[in-house]
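Only one structure is covered here, and it is reproduced in the block below.
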Amino acid sequence: MKRTEKIKKRTIIMILLVGLPSLLAAMMAGLLFMPFIKMGLHLDFSQAYRHVEAADRIRFWDSWSGKVYIRYPLGLRPIEKREEVPEQKKPSLFWLETDVYDVAASGDLAAWYDREENKIFLGSVDGEVWEAFDAAYEGKELAFSPDGRYLLVYEIEYGVYGGYSSDEECCYYRVIDLESGAWYPVYSGYREWFRVYWEEE
């Protein structure tokens, strides 16, 4: 009986001595490669996108693969039907200065990202400013929802892992509810560059 207990104890000690470091090494490797794994699978478990009523109409177009994705509870998934990706038409508002990176319009409503101030401005197409929103990162693209209630904002954070390289980019896709002013994260991913738009009704 005692001999059996000694063998069991030795076996447990051996498993711990060999297995525990291997498990820790595997976990560390998983953490190091997580951005790449997440990027390949388009995973994002956050659920804040559910606050956006029209979130199911947001489209993420990957120009490399030609695939169009939609948001679902685990991240992004490609849609089965092939839909026409609308041409990117940017309104030319004559009064805008050169430090404006992107502009969008919906009827008489206009939004533009000012790189110098790192703000998103909301106003009229005639140039009247109604509201300003602080951008968390550098704005790249803006898109109004078809009903004009939401503004989709695509931003990029550079130097994510402590460097200054443009290769270290995290992409954030967030929606501003223009009625309440609330921001809702829709999707984010390491180096996941998509052209974003809303599906028309």
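Position 1 is the first residue of the sequence; numbering continues from there.
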Residue Asp56 excluded, over 12 heavy atoms near CG under 6.0 Å: yes
Please assess Val103 against Leu142 for the test side-chain contact (heavy atoms from CB on, under 4.5 Å), listing each intermediate value before the final yes or no. CA-CA 6 Å; Val103 61; Leu142 305 172; 5.9 Å; no
With a 4.5 Å heavy-atom cut-off, do Ser188 and Tyr173 have their side chains touching? no
Is Asp147 reaching over with its side chain to a backbone N or O of Arg149, donor-acceptor style, under 3.5 angstrom? yes
Rounded to the nearest 0.5 Å, what separates atom CG in Leu76 from atom CD1 in Ile70? 9.0 Å
Could you tell me which non-hydrogen atom of Gly139 sits nearest to which non-hydrogen atom of Tyr113, and how far apart they are? N-CZ, 3.2 Å
Check salt bridge (Lys or Arg N to Asp or Glu O under 4.0 Å) between Glu138 and all other residues, then give those that pass, not counting sequence neighbours. Arg115, Lys140
Residues that Arg174 engages under side chain to side chain donor-acceptor pair (under 3.5 Å), provided they are two or more places apart: Glu155
Would you compute the distance between atom CD of Glu131 and atom CD1 of Ile120 and round it to the nearest 0.5 angstrom? 11.5 Å
Nearest 0.5 angstrom please: Trp61 CH2 to Arg195 CZ, how far? 6.5 Å
Would you check, one step at a time, whether the test side-chain contact (heavy atoms from CB on, under 4.5 Å) holds for Phe121 with Trp112? CA-CA 5 Å; Phe121 290 96; Trp112 59 95; 3.3 Å; yes
Run the side-chain contact (heavy atoms from CB on, under 4.5 Å) check on Leu74 and Asp44 step by step: do they pass? CA-CA 6 Å; Leu74 302 180; Asp44 185 342; over 6 Å; no
How close do Val125 and Ala105 get, counting heavy atoms only, and between which atoms? CG1-CB, 4.2 Å
Given the rule in the side-chain contact (heavy atoms from CB on, under 4.5 Å) test, do Leu178 and Leu109 qualify, once you have shown the distances and angles that lead to the verdict? CA-CA 11 Å; Leu178 299 177; Leu109 192 62; 4.2 Å; yes
Working to the nearest 0.5 Å, report the span between CG of Leu122 and CD1 of Ile176. 8.0 Å
Judged by atom type as modelled, is there a donor-acceptor pair below 3.5 Å linking the side chain of Asp62 to the main-chain atoms of Lys67? no
Calculate, to the nearest 0.5 Å, the distance between atoms CZ and SG belonging to Arg191 and Cys170 respectively. 11.5 Å
Residues in ring-ring contact (aromatic ring centres under 6.0 Å, His included) with Tyr137, at least two apart? Tyr172
Heavy-atom side-chain contact between Tyr154 and Asp102 under 4.5 Å: no
Ser180 side chain to Ala182 main-chain N or O, any donor-acceptor pair under 3.5 Å? yes
Is any side-chain heavy atom of Arg71 less than 4.5 Å from a side-chain heavy atom of Tyr187? yes
Is any side-chain heavy atom of Tyr49 closer than 4.5 Å to one of Pro185? no
Go through Phe194 and His42 one step at a time and tell me if the ring-ring contact (aromatic ring centres under 6.0 Å, His included) criterion holds. CA-CA 11 Å; Phe194 294 102; His42 305 299; 5.6 Å; yes
Okay, side chain of Arg59, backbone of Tyr197: is any donor-acceptor separation there less than 3.5 Å? no
Any sub-3.5 Å donor-acceptor pair from Trp198's side-chain atoms to Ala143's backbone N or O? yes
Within the distance-only criterion (no hydrogens, no angle test), does the side chain of Gln47 pair as donor or acceptor with the backbone N or O of Phe45 below 3.5 angstrom? yes
Are the side chains of Glu157 and Cys171 in contact, using a 4.5 Å heavy-atom criterion? no
Here the pair of heavy atoms bringing Glu169 nearest to Tyr190 is O-CD1, 3.2 Å
ring-ring contact (aromatic ring centres under 6.0 Å, His included) filter on Tyr150, not counting sequence neighbours, yields none
Who passes ring-ring contact (aromatic ring centres under 6.0 Å, His included) against Tyr184, sequence neighbours left out? His51
Is the shortest heavy-atom distance from the side chain of Pro146 to the side chain of Arg57 under 4.5 Å? yes
Stepwise salt bridge (Lys or Arg N to Asp or Glu O under 4.0 Å) test for Asp134 and Lys119: CA-CA 5 Å; Asp134 289 322; Lys119 289 181 185 283; 2.6 Å; yes
Can you name the residues that form a side chain to side chain contact (heavy atoms under 4.5 Å, CB included) with Ser106, not counting sequence neighbours? Phe144
Between Leu151 and Val175, is any pair of side-chain heavy atoms under 4.5 Å apart? no
